[in-house]
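Read the numbers this way: they start at 1 and go in the same order the structure lists the ligands and their atoms.
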Amino acid sequence: MDTTLRDGEQTSGVSFSASEKLTIAQILLQEVKVDRIEVASARVSEGEFQAVKKITDWAGKNGFLDKIEVLTFVDGDASINWMVQAGAKVMNLLTKGSLNHLTHQLKKSPEAHFEDIRNVVELAETKGIQCNVYLEDWSNGMRSSKEYVFQSLDFLTTLPVKRILLPDTLGILTPFESYTFIKEIVDRYPNHHFEFHGHNDYDLGVANVMEALRAGVQGLHLTVNGMGERTGNAPLASTIAVINDLMPECTTAVNEKSLYSISKLVETFSGIRIPANKPIVGESVFTQTAGIHADGDKKNNLYFSKLMPERFGRQRLYALGKTSGKANIENNLRDLGITLSDADLKKVTQRIIELGDRKEAVTPEDLPYIISDILDSDAIEEKVVITNYVLTHSKNLKPSATLQISFGEEVFEENAQGDGQYDAFMNALKKIYAKKGIDLPMLSDYTVRIPPGGKTDALCETIITWEINGKEVKTRGLDSDQTFSAIKATQKMLNLIGVPESKIAAEPIITL
Ligand SMILES: CC(C)C(=O)C(=O)O
């Protein structure tokens with residue numbers, strides 16, 4: 001069960017709009033193919049109500065209604081009425097899984113709590129709602145009030161409850177405890193369905209999930225990018241890879257190929273950046289940096305593991321930096337169709353090491369520029385040149401840009417406004433290309449970095465990622481001015497795509 005839209009949305013600072021929730025729900029169920037999704041907590045807000053309604057409307061028309069779940073509370077008929085009005089059919093009822101929570105938060109006896117739960121479950125049944133039950137703080141309960149946990153389970157297993165959901169609410173379990181606690185429960189109630197809801201406070205989310213599966217749970221609660229309360233939940237992508245590669249006794253219906261794209265979508269909607277080293281979905285997890293690895297890849301795949309990037313719709317890359325060595329550079333040169341003599345390769349390697357030492361990043365698309373610079377060759381021919389531009393920035397007025405660009409003999413000029421100077425610049429550039437009937441590549445990422453130095457006149461590095469013919473291409477600009485560094489990176493992209501063949505008649509302002 002994926003709970004990105006409920007627990008995931010509890011990540012600090014995250015709020016999905018109703019249409020973002022609907023899009024994520026559709027992709028999770030139709031493309032990623034998780035079995036079920038938890039989409040909201042009942043009674044949270046009017047916006048949340050509208051979001052659930054949007055999802056249930058769509059799910060009802062497409063046969064997914066029994067896969068949409070809402071977290072509800074032991075509050076008489078209030079949560080049930082809310083979810084019924086929102087069109088949902090499955091509730092995950094939050095009950096207390098530790099005596100500590102029960103006595104200090106609800107201030108009730110176990111018997112009184114059980115009576116309240118029975119009333120809610122019976123009411124749900126009369127309304128045709130399917131009921132699953134969470135035992136909140138269950139992991140603490142197992143450590144400190146085990147008798148109460150089993151009293152609860154004895155009671156819940158007599159009710160029409162389909163699944164019992166065991167949360168490690170504070171992410172405190174060790175893998176050993178996850179196994180022993182769950183095994184004891186599964187052995188005692190062999191005819192019931194148990195699920196594990198792991199949090200990641202000690203970075204043990206995936207390890208605990210593995211042990212929960214080994215102990216016999218039949219379901220897991222996961223989130224895209226491991227989003228969720230505090231440090232988040234066990235992440236969907238790495239858990240699926242672990243199950244597929246390391247736990248042959250378990251199966252899931254999840255489609256591995258879609259894990260990267262859903263991860264990027266959730267990154268965009270949530271505004272929470274995926275750490276570069278996050279397994280499966282992080283920017284650099286399929287990039288070999290050490291030259292010895294690239295060398296080993298050529299020699300009988302010495303660094304091969306089952307975790308191949310293509311499984312997730314990704315690609316192996318070879319980074320350029322001070323540790324990358326000859327083999328990484330050769331791999332990148334081959335992709336660019338450039339061959340160098342041994343002596344020249346040595347010089348290029350030396351320059352990349354020097355740049356790396358200065359902490360400057362080097363992208364594969366920089367290679368022709370580096371070659372051109374140190375070998376004084378014409379490895380890169382700059383046919384598209386931004387010859388002149390004026391950018392304005394003022395208080396209370398929209399930034400604007402006027403620019404002139406030459407494609408060999410023809411010079412074009414345009415101006416535009418934008419939300420910032422670079423946006424205005426791009427809008428003017430798009431107007432020029434539109435005159436030729438050409439769309440510019442989509443900008444999919446924009447990163448600005450100040451290589452160490454810490455002064456205001458320090459160099460600023462901009463790395464822009466573009467989608468060119470279905471491939472991600474990064475170009476880099478370096479300048480003491482942030483906008484100019486972005487413009488330099490943009491000019492490199494323009495030269496990569498080459499001088500555009502006009503699709504429609506376009507009049508230059510000057511023909512040289
Ligand atoms: C709200 C509950 C179910 C939860 O997310 C947890 O206990 O971790």
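Here Arg316 pairs with nothing under the salt bridge (Lys or Arg N to Asp or Glu O under 4.0 Å) rule; sequence neighbours left out. Remark: Asn244 pairs with Glu256 by the side chain to side chain donor-acceptor pair (under 3.5 Å) rule, at least two apart or across chains. Judged as a side chain to side chain donor-acceptor pair (under 3.5 Å), and not counting sequence neighbours, the contacts of Lys398 are Asp419.
Using modelled atom types, one finds a donor on one side chain and an acceptor on the other under 3.5 Å when comparing His101 with Lys96. No donor-acceptor contact under 3.5 angstrom links the side chains of Thr72 and Ser79, judged on distance only. In the model, Asp2 has a side-chain atom that pairs as donor or acceptor with a side-chain atom of Thr4 under 3.5 Å.
Near ligand 1, residues Arg6, Asp7, Leu71, Leu94, Tyr134, Glu136, Pro167, Thr169, His197, His199 come within 4.0 angstrom through at least one heavy atom.
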